[in-house]
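Okay, structure first, notes after.
Nothing fancy with the numbering, it's 1 onward along the sequence. Heavy atoms only: backbone and side chains are in, while hydrogens, waters and symmetry mates are out. Atoms within a ligand are numbered from 1 in the order they appear, just like the ligands themselves.
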Amino acid sequence: MSGALYVVATPIGNLEDMTYRAVRILGEVALIAAEDTRHSRKLLTHYGINTRLISYHDHNEKGRAEQLLIRLKNGENIALISDAGTPCIADPGYELVQRCHLEGIAVVAVPGSSAVIAGLSIAGLPTEGFRFLGFLPAKVQARRTMLEGCSAETATQVMYEAPHRLLATLSDIVDICGSECRVAIARELTKRHEELFAGTVQEALARFSDRDGIKGELVILLAPAPRQTPEMTITEQLLHLRRTTDLNWKEIVKQVARDHRVAGSEVYRESLPLREG
Ligand code: SAM
């Protein structure tokens, strides 16, 4: 019988945010694969857990996954943890989890903290749906391109950003989404200097720019683009653009879908009878 891989969430700052189940499982498994073993040893010591640790990080993921799979196939239960929060969420783990699926090894979630969910839960932004972008790219152009893709999104978007890039990113959001775009910034969640900002991106810039350096970890949440009621129906706009522009049907469908915030396929269907005329 194969063992199971337990994917265990650990705190994102406050050591008390460990579940009873996480503590029990980390104590029971044969081995814990951890992103940084020295970092995780402190958490384990705090909870009196003596289980052996082995490193599993971005730079040894592939090779280590092979070794862990052999042990799992031999019946050992293994836990996977990262430095903070939930493994695989902007953290290592994907390779091992995917290999376990391929090999028919059980993968069990032991849920707990994650900065994306903690940020969303207090941001005061719509949460029926949301889009998680992970870390924003460090390079300016790549970041701006990603933010451009966010500007018409109809769900709240959540991104991880390094504190020293916060001001530059907020300036990009002003340029791309407008100064009145609503954002939330959740900094140092669950820690002593926890801070939540909620307001327009312009106000966020004002709040954070007069600081002597921004420290700690943070999550940026971007409100959905406001819905504007288009003046024309989809059919009217399709005909209008066809008559008044040089755009081809593909480009017209794309623009109408964007303006009406509906799926391109829906607009495409509506455009078919018009094309024949
Ligand atoms: N696996 C983690 C999770 O489930 O949230 C995320 C790990 S990722 C390497 C680290 C990033 O998560 C940080 O740079 C920051 O954007 C965000 N983060 C982690 N802890 C945080 C906290 N206490 N407050 C705000 N953001 C945090």
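Residues Glu270 and Thr235 bring a donor and an acceptor atom of their side chains to less than 3.5 Å of each other. Arg131 and Thr156 form no side-chain donor-acceptor contact under 3.5 Å, judged by distance and modelled atom types alone. No side-chain donor from either of Tyr56 and Glu35 sits under 3.5 Å from a side-chain acceptor of the other. Side chain to side chain, Asp83 and Ser40 fail the donor-acceptor criterion of an N or O pair below 3.5 Å.
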Full working for side chain to side chain donor-acceptor pair (under 3.5 Å) between Arg41 and Thr45: CA-CA 6 Å; Arg41 177 56 67 204; Thr45 304; 5.1 Å; no
Between ligand 1 and the protein, which N/O pairs fall short of 3.5 Å?
{"from": "ligand 1", "atom 1": "1 (N)", "to": "Ala84", "atom 2": "O", "distance (Å)": "3.2"}
{"from": "ligand 1", "atom 1": "1 (N)", "to": "Thr86", "atom 2": "O", "distance (Å)": "3.0"}
{"from": "ligand 1", "atom 1": "1 (N)", "to": "Ile89", "atom 2": "O", "distance (Å)": "2.8"}
{"from": "ligand 1", "atom 1": "1 (N)", "to": "Asp91", "atom 2": "OD2", "distance (Å)": "2.7"}
{"from": "ligand 1", "atom 1": "4 (O)", "to": "Thr86", "atom 2": "N", "distance (Å)": "2.9"}
{"from": "ligand 1", "atom 1": "4 (O)", "to": "Ser114", "atom 2": "OG", "distance (Å)": "2.7"}
{"from": "ligand 1", "atom 1": "5 (O)", "to": "Ser114", "atom 2": "OG", "distance (Å)": "3.3"}
{"from": "ligand 1", "atom 1": "5 (O)", "to": "Ala115", "atom 2": "N", "distance (Å)": "2.8"}
{"from": "ligand 1", "atom 1": "5 (O)", "to": "Tyr160", "atom 2": "OH", "distance (Å)": "2.7"}
{"from": "ligand 1", "atom 1": "16 (O)", "to": "Leu218", "atom 2": "O", "distance (Å)": "2.6"}
{"from": "ligand 1", "atom 1": "20 (N)", "to": "Glu217", "atom 2": "OE1", "distance (Å)": "3.3"}
{"from": "ligand 1", "atom 1": "23 (N)", "to": "Ile12", "atom 2": "O", "distance (Å)": "2.9"}
{"from": "ligand 1", "atom 1": "23 (N)", "to": "Leu189", "atom 2": "N", "distance (Å)": "3.4"}
{"from": "ligand 1", "atom 1": "23 (N)", "to": "Leu189", "atom 2": "O", "distance (Å)": "2.9"}
{"from": "ligand 1", "atom 1": "24 (N)", "to": "Leu189", "atom 2": "N", "distance (Å)": "2.9"}

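Within 6.0 Å of NZ in Lys191 there are more than 12 heavy atoms belonging to other residues, nucleotides or ligands.
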